[in-house]
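A short write-up of the structure that comes next.
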Amino acid sequence: MEASFDITLQMVITVFAGISAQVMAAYFKLPSIVLLLLLGILLGADGIGLLHPHTLGTGLEVIVSLATAIILFEGGLKLDLRELGRVSVSLQLLVTLGTLITLLGGSMAAHWLGEFPWNIAFLYASIVVVTGPTVIGPLLKQINVDRQVATLLEGEGVLIDPVGAILAYVVLDTILNGDADPINAIIGLLLRLGVGGSIGAVGGYLMSWIFKRANFISFELKNLVVLAVLWSLFTLAQMIRSESGIMTTVVAGVVFANSSVPEERLLRSFKNQLTILSVSVLFILLAADLSIASVLALGWGSLYTVLVLMFVVRPINILFCTWNSDLNWRQKLFLSWVAPKGIVSASVASLFAISLTQRGINGGDAIKALVFLTIIMTVFCQGLTAGWIVKWLRITSKDATGALIVGCNPLSLLIARFFQERGENVVMIDTDSQYFTQAEAQNLRVIASSALDAEVLEEAGIASMGTFLAVTNNGEVNFVLAQRASEEFSPPRVLAVFPRDPQASNSTNSKVDQAFVSDLPIKTWNEYLNDGRVKLGTTTLNEEEFTSQQEHIQEKIQAGLLVPLLVEREERLQVMSANQEWEIGDRIIYLLHDSRPNLLKRLSGASQSTPLSLETLAEVEEVPAAKLSQLSASEASTN
């Protein structure tokens with residue numbers, strides 16, 4: 001009874017500590033793994049001694065195995081094959097060539113710098129080829145890196161985990177059995193990948209079938225059915241071929257996520273909660289079981305090994321794997337910096353230490369200590385600096401360029417022209433072909449289809465666009481289109497022309513900004529543009545007249561004479577939103593209603609087909625009346 005209570009107490013402390021670390025990480029906006037590691041070490045034998053994971057016995061291995069299955073399945077759920085298609089070549093190389101580069105580079109560093117024998121050096125390198133979705137996922141949410149880089153990092157983290165873990169088990173099997181034949185090692189690796197992938201594919205299809213067809217099962221029970229099937233698949237794969245279960249969980253998650261399953265988001269939410277719990281428990285237990293003395297005993301050579309892995313091997317890996325990609329140097333530099341190790345490395349290293357010790361082979365504790373040193377250094381160095389580096393390199397999602405515009409009409413064509421002149425990618429979508437000829441004459445790409453179709457948005461490249469703008473003549477439709485795009489694709493900037501309060505209950509919580517001004521009569525302004533009754537102007541807000549400039553422009557907006565279209569800030573062009581806060585130095589591009597009769601305009605030489613030219617307009621630049629009175633008063637006083 002006392003022994004069972006001790007185990008219960010250990011688990012309660014572990015769960016409470018893990019969730020507490022997650023809460024603190026959310027409050028301080030830090031990577032959760034940082035606090036999990038610190039708290040785990042603090043509670044362990046080298047800290048205050050509250051946690052003793054060894055009391056769990058073989059139960060620790062069971063917890064590690066089942067929790068890892070949940071973590072990798074949830075990672076597979078996040079993989080969208082359509083998004084991965086944009087970076088598939090680079091991702092394939094990272095999982096294949098990148099694994100080989102890290103294996104060779106890490107083993108050479110561990111042997112020559114860390115002075116490990118070759119077999120232990122290769123074992124260490126095979127463990128650290130993985131990056132870890134449990135670290136990458138939360139990190140990417142905090143730093144908001146651009147979508148292309150985020151997709152590549154997430155894909156690498158999820159796909160390389162099973163490959164790296166299986167590779168590590170092949171190396172361990174070679175060490176334990178003394179079979180150094182590379183042919184056997186490769187066959188063993190391929191067998192595990194094949195068995196795991198096949199079972200995972202069938203299991204993922206089975207799960208999706210249950211969700212689609214088994215209507216007699218409540219949704220809450222379906223979640224638990226998926227969990228039961230997942231663990232069953234994992235165990236079945238392990239029975240058929242040892243260590244193939246981790247590949248099974250990833251493939252099952254990918255197949256399930258890409259099967260168009262109804263209510264999939266609710267399942268993701270459930271699995272995400274389980275993953276948070278699993279990660280919290282595992283990191284606390286494994287960190288508490290770490291001996292700080294064994295880490296310090298490694299010496300400077302092991303420190304140099306990790307530094308070479310971070311600053312030499314990883315950049316070489318990225319250089320070769322993204323050589324022919326469309327990634328720019330900033331994106332490649334960030335990819336070279338970010339490769340934190342996660343729970344899979346920690347759990348595999350802990351299990352390997354037990355296996356080597358049981359077989360009487362030296363190096364088990366040293367391997368575990370070196371892997372944890374790698375985790376600590378990569379997580380602290382890269383996790384804590386990633387946000388700053390993203391801003392320095394200007395590759396946050398907010399810095400993404402290009403525009404996807406729904407609605408092909410005079411106003412949208414004008415906005416598209418500005419983005420195109422900046423060299424940014426512009427794609428327009430509409431079902432009405434009235435203005436397609438004008439768009440094609442300006443070399444603008446137009447897709448004749450409905451923007452309600454997610455595949456159409458993907459074809460248009462929404463994943464890499466910085467701005468989504470819905471500007472059709474129907475305000476309610478614009479709001480719905482923008483809201484769906486925001487929910488499904490999360491572009492950095494989502495704007496739409498819509499009435500003041502569409503779907504009042506939803507608009508307050510929406511991520512959709514109202515474009516240009518509130519209640520823009522878009523049909524009216526399109527008519528003005530068609531008839532040539534507008535001028536295209538620009539003004540720059542300066543420090544001396546900042547307040548009076550804003551007041552003057554707002555007066556014209558309220559009078560329905562002016563519509564601010566774009567704002568240029570720090571050399572970046574963005575669509576103006578109705579709640580935009582203007583700053584000193586902003587360059588405002590606007591349309592000004594020209595009320596001259598149409599006949600008079602034609603007589604004066606203006607033409608409907610003549611493109612609008614951007615100019616500084618006296619009607620907006622003129623000094624406000626209030627300032628004129630101030631000037632007159634000052635002149636009178638001087639006289």
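Starting from 1, each residue takes its place in the sequence as its number.
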Kindly list each side-chain donor-acceptor pair under 3.5 angstrom involving residues 225-232, sequence neighbours excluded, with atom names and distances?
residue: Trp231; atom: NE1; partner: Leu66; partner atom: O; Å: 3.2
residue: Ser232; atom: OG; partner: Ala228; partner atom: O; Å: 2.8

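Looking only at side-chain heavy atoms (C-beta outward), Leu327 and Leu335 come within less than 4.5 Å of each other. In this structure, Phe116 and Leu370 have side chains that are in contact, with non-hydrogen atoms separated by less than 4.5 Å. Taking the side chain as every heavy atom from C-beta outward, Leu286 and Ser347 approach each other to under 4.5 Å. Using a 4.5 Å heavy-atom cutoff, the side chains of Arg314 and Leu309 are not in contact. Within the 4.5 Å cutoff, the side chain of Val344 has heavy atoms near those of the Leu72 side chain. Counting heavy atoms from C-beta outward, Leu233 and Val202 have side chains that stay 4.5 Å or more apart. Using a 4.5 Å heavy-atom threshold, the side chains of Leu319 and Lys332 count as separate. Using a 4.5 Å heavy-atom cutoff, the side chains of Thr58 and Val62 are not in contact.
Between Tyr205 and Phe256, the distance separating the two ring centers is not shorter than 6.0 angstrom.
Of the options Phe216, Trp209, Phe211, a side-chain contact (heavy atoms from CB on, under 4.5 Å) to Arg213 is made by Trp209 and by none of the others.
Between Trp118 and His111, the ring planes are parallel. Angles under 30° get that label, and only those over 60° would be called perpendicular.
Within the 3.5 Å criterion, the main-chain N or O of Trp337 finds a donor-acceptor partner in the side chain of Gln382. The backbone N or O of Lys341 sits nowhere less than 3.5 Å from a side-chain atom of Ser345 that would complete a donor-acceptor pair. Panel note: side chain Ser294, backbone Leu290; no donor-acceptor pair is recorded below 3.5 Å.
Separation of atoms CD1 (Ile120) and OG (Ser107) is listed at 12.5 Å; rounding is to 0.5 Å. The structure places CG of Asn223 at 11.0 Å from CD1 of Ile217, a figure rounded to the nearest 0.5 Å.
Side chains of Glu156 and Thr131: no donor on one and acceptor on the other come within 3.5 Å. Neither side chain, Tyr169 nor Ser126, offers a donor N or O lying under 3.5 Å from an acceptor on the other.
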Query raised in the report: side chain to side chain donor-acceptor pair (under 3.5 Å) between Tyr124 and Thr374: does it pass, once the steps are laid out?
Result: CA-CA 10 Å; Tyr124 161 75; Thr374 307; 2.9 Å; yes
Report task. Give the C-alpha distance, both sets of side-chain angles, the deciding distance and a yes or no for side-chain contact (heavy atoms from CB on, under 4.5 Å) between Arg359 and Ile175. Result -> CA-CA 10 Å; Arg359 295 291 291 269; Ile175 293 174; over 6 Å; no
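Applying the salt bridge (Lys or Arg N to Asp or Glu O under 4.0 Å) test to residues at least two apart or on different chains, the pairs with a partner in residues 365-380 are Asp289-Lys368.
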